[in-house]
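In what follows, a structure is listed as C-alpha cells, so that the remarks can point back to it.
Computation of the quantities below employed the complete heavy-atom set of this structure, encompassing side-chain atoms and omitting hydrogens, waters and symmetry-equivalent molecules. Letters A, B, ... mirror the listed sequences (proteins, then strands); counts begin at 1.
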Amino acid sequence: MLKKRLLLLLVCMMFVSVAAACGNGKEESSSSPSASAGSSAPASSASPAEEEVTLKIIHWINEPVNKYYEEFNKKFMERYPNIKVVYDVVPSDATYDQLQQTRINANDADLMALKSGFAPIPQEWAKGAEDPLWKQWIDAGLIADLSNQEFVKNYNPVDVQNSTTYNGKVYGINMGKVSFTGLYYNKKIFAENNLQVPKTWDEFVNVVKTLKDKGIAPIGFAGKDIWPLNLAVQGLSASVHKDQGSFIKGLWDGSTKFTDPVQIEILDKAQFMMQNAIDGFMGVDYASLPSLFISGQVAMIADGTWNAPTLKSGDASLEFGYFPIPGSNDAAQNASLAGKYDMSWVVLEKSKNKDAALKWLAMQSEPENYAAFVKASGFLPNADVTVDDPFINEIKPYLSNFKLAWDQLFINRANAGEHVNGSSIHAEFLAPAGPIKTSKELAELSQKEWDAAAPK
Amino acid sequence: MYPFGRGIARHLPLALLMLPLLLYVVFGFGPSVATIFFSFTNASGLPGVDWHFIGWHNYEKFFFSSDQQERIRSIGNSVYFAFAVVVIQNAIGLWMAILLNRKLKGDAFYRATFFLPVVLGVTVSGLVWRMMTNPLGGPMKEVYSWFGAKSTFFSSYDSAFEWIIFVQIWMYMGYSMTIFLAGLQSIPKDLYEAGHIDGTNRWQSFRHITFPMIAPSFTVNMMLSIIGALQTFDIIYVLTGGNFNTRTLAFDVFRDAIATNRTADYGLASAGAMIQFVFVFLVSVIVLIYLRRREVEL
C-alpha cells in the first residue's frame, strides 16, 4: 500500500514538473536576453550598461559569404565582448523561407537576411496584385526603420533609394548588386577554338555551332531546379527588349501580350540554347552546376555573378569570364548586364537587442569590412570601396548601365496558372526541356492563363 | 477484486492516462480542430496582421480560382499515386513475406535489408535515388543506355511522377512485408497439414488457407498504405520540389502553408487540409467497411 502511495506521489510530482516546465518555457522565450544575462550575473553586475546579450542572426547557406560572416562575427564579439552572436544558416530554398516565417512568429531573431532588395515595387497600374512579402512585413510593423541611422550614409544614396527604401523610409541595408543575365565562359576552351566573346546573336550562334562541331557541349544549365535555367531567358529578355518596364505595364492594360513577336523571339532563342545544351541538363541541380563547368564538360554555363567565388574556390587555376547574353543583333543593346539588388539585412522591430543589431550593421558598413564582404561575396558594391578582384574589374564595362532584370520588374496577378506564375518566365515547359513543342504554343498558354487571372 | 488497489490509488491508471491524453489534446487534437476554424479565415500567418472570417471563400478559391486546373490535376495525381502505391506495394510486400516465411538461409539478413529503406527515412532515400538517376553519369543512366533509352528521370514531365511512385514503393514495401510476415507466422501449421492430406496444391493452400488467415494484416496494410499514400508530400519535396507535374493534394497544402517566393496563406492551406481530410476519411471508411465485411465472411 505504501508503495502505491509513493507511486501516486511520484506521478503527481511528474505532473507538477511538466506543468512547471511549460510555464518556464514561456517565460524564457519572452525574456530570453535578460535571462541569459542573469545566468552570467557576475560579469553583468559589474557594469549594468554592458549587459550580456545574445544577437540572433539568420541567413542561408552560401559558403564564401558564410565564411566571411563567421570571421566578421568573431571580430564583432572582440569589439563588443558583452554581445554573443548566434549565426544560424540553413539551405537557401524553401527551408529559409520557412525559417524566416517561424522566427518572425516566435520573435526569435534580431537580424534577418532577405534574398533581395525591395522588388518588385508595387505599382498603381497593377491592381489586385499580391503584395510582396517584404511589404507585408513592413506594413505589419515587423521591420525596424533605419532612416536615421548614421551608417546608412556609408552607402551610395542612389543604391539605398533603389534597394531598401519604401514610402520614403529606409528599412534595410542592401549588401550589393548581382547580375545573372550573362554566361560564364571557359577562357581556355574559347582560346583553343579561336573564339571571341560574342557581341551579337549571330556571333553567339556561330560560337555555339563551332563548339558543337568540335564535339564540345556548348552550354550547361541547372535545369532540375528550373530557376537557373530561366536566368538565361532573363538574359535574352534584357537584351531583346528595348524597355522591359513598359512592356510589363502593357501586359496589365492589354496593350502588349505574351504572344507578341518580341516574346516569341525570346522563347525561340531560349529553345535554341536548350537544344545546344549538354545532354541531360534537366537533371543537373544547381549545386552540381559549378563542377560541370570546372571540369570542362561544358564551355559556358548560365549562372549569376554571385557564383564566381565558388568557381574560383573550386579550381584556382580555372580561367573564366562572364559576358551578357547577346539576345539581339545590336551590339550596343547587348552591352550591359541586368540583375538585381541581392541580399539585404533587416532588423526586426520587436527585437529586444535592437541596439546590438544596429552596432552590428554599423560595424559592417565600415569601408574595410564592407570591402572584405564584397570580395567574399562577388557582389557589385553599393559604396565607393576599392575591390581588388579581377573578375569584378573585368565585368565592370558591362555595369556602367546596370539595369534591373525582368523578375525584379514583373508584377504578377494572383492565382496565375503555372505557365505564367512567379516571374512569368518558364522555358522549362518548352521542348527539349518540357512537353510543349513550340514557342507559340507556350506563349498562347501563358497569355490565356494571364487573362484568366485578370482581376474581376 | 481490486486490481489497482483501494482508496486514492484506484485513480492511478486514470492519472497515468492523463499525461499522454493532455499531450494529445494540446499537440494533436487541438491543432486539428483549429484547422477547421482557420479554413474559414484569411489568416496569413504573419504576426500582427488582422484576420477575419471569410466564410467559404477559401474553399471557393481552392476549386474555382484561375489556377484550378492545376489543383484538380493535383487531386488526380493523389488518386493515381495512392492507387499505384497501395496495389504494387502490398503485392510486392506479400510476395516477399511469403518468400521469407520459409526457412531460408540468412532470412534475418534479407528481412533487415528489405526493411532498411524504412529506417533510412525520406531524405536519405530521396538523395540516394537522386544520385542513382543523375543524368550525367548516374548508374540508372547506364542501365537505360543498354536499351538505347534516355531519360532525365525526376526532371522529366513524362516520367517524374512514376519515378516518385517507384521510390515510395521501394521505401515502404519492407514495412508492408513486416506486417504480412507477422500475420503469416501466426497461421497454425496444422492447417496446411490438414490441407495437404486433403490434396491441396500450392495455389489452393494460398487461396484458401494463407489468404483468409492473413485477412487482418491485409486490412491493416491496406489502411496504412492508403492513408500514408494520400498524405505523402515529403518524398515529392525531396525529389522534384513539386515541379514537373508531380504535385499532389497533400503537396499543395504544404505549398500553400509554407510557400516559396510567395505569401503563405494559412487559410487556404487549412481549407486544402480539410478537403484532404474529408477525402482520406471517405476513402478509408469505404475500404475499411469492405475489408472488415470480407474478414467476417471468411
Task: chain B contact via Ser116(A) - which portion, at a heavy-atom distance below 4.5 Å - done: neither
Open item on the list: Counting C-beta onward and ignoring hydrogens, is there a side-chain heavy-atom pair between Arg130(B) and Asp285(A) closer than 4.5 Å?
Closed with: yes
- [ ] With a 4.5 angstrom heavy-atom cut-off, could you sort out which part of Asn245(B) is near chain A: side chain, backbone, both or neither?
- [x] side chain
Task: Contacting moiety of Gln297(A), where chain B heavy atoms sit under 4.5 Å - done: neither
Open item on the list: Counting heavy-atom pairs under 4.5 Å with chain B, which one of Thr102(A), Ile104(A), Leu292(A), Ile226(A) comes out on top?
Closed with: Ile226(A)
Task: Contacting region of Lys150(B) [heavy-atom separation from chain A under 4.5 Å] - done: side chain
TODO: Would you check if the side chain of Thr152(B) reaches a backbone N or O of Gly280(A) as a donor-acceptor pair within less than 3.5 Å?
DONE: no
Task: Donor-acceptor pair, side chain of Glu449(A) and main chain of Asp67(B), under 3.5 angstrom - done: no
Open item on the list: Testing the basics here: between Ser66(B) and Ala452(A), what is the closest heavy-atom pair and its distance to 0.1 Å?
Closed with: CB-O, 3.5 Å
Open item on the list: Please report the interatomic distance CZ(Phe244(B)) to CE(Met282(A)), rounded to the nearest 0.5 Å.
Closed with: 4.0 Å
Open item on the list: Are the side chains of Glu418(A) and Gln69(B) in contact, using a 4.5 Å heavy-atom criterion?
Closed with: no
- [ ] Pick one of side chain, backbone, both or neither for Ala454(A), based on which atoms fall under 4.5 Å of a heavy atom in chain B.
- [x] neither
TODO: Could you look at Phe281(A) and say if it's the side chain, the backbone, both or neither that has a heavy atom under 4.5 Å from chain B?
DONE: neither
Task: Pick from Gly417(A), Gly223(A), Gly141(A), Gly422(A) with the largest number of heavy-atom pairs that fall under 4.5 Å of chain B - done: Gly417(A)
TODO: Check whether any side-chain heavy atom of Gln68(B) sits under 4.5 Å from a side-chain heavy atom of Asn415(A), and report yes or no.
DONE: no
Open item on the list: Are more than 12 heavy atoms, taken from residues, nucleotides or ligands other than Lys141(B), located less than 6.0 Å from that residue's NZ atom?
Closed with: no
TODO: Name the region of Ala453(A), side chain, backbone, both or neither, that has any atom closer than 4.5 Å to a heavy atom of chain B.
DONE: both
- [ ] Mind listing the closest non-hydrogen atom pair of Tyr266(B) and Gln101(A) along with its distance?
- [x] OH-CG, 4.1 Å
Open item on the list: Between Asn421(A) and chain B, with a heavy-atom cut-off of 4.5 Å, which part of the residue counts as in contact: side chain, backbone, both or neither?
Closed with: side chain
Open item on the list: For Phe153(B), which atoms come within 4.5 Å of any heavy atom of chain A: side chain, backbone, both, or neither?
Closed with: neither
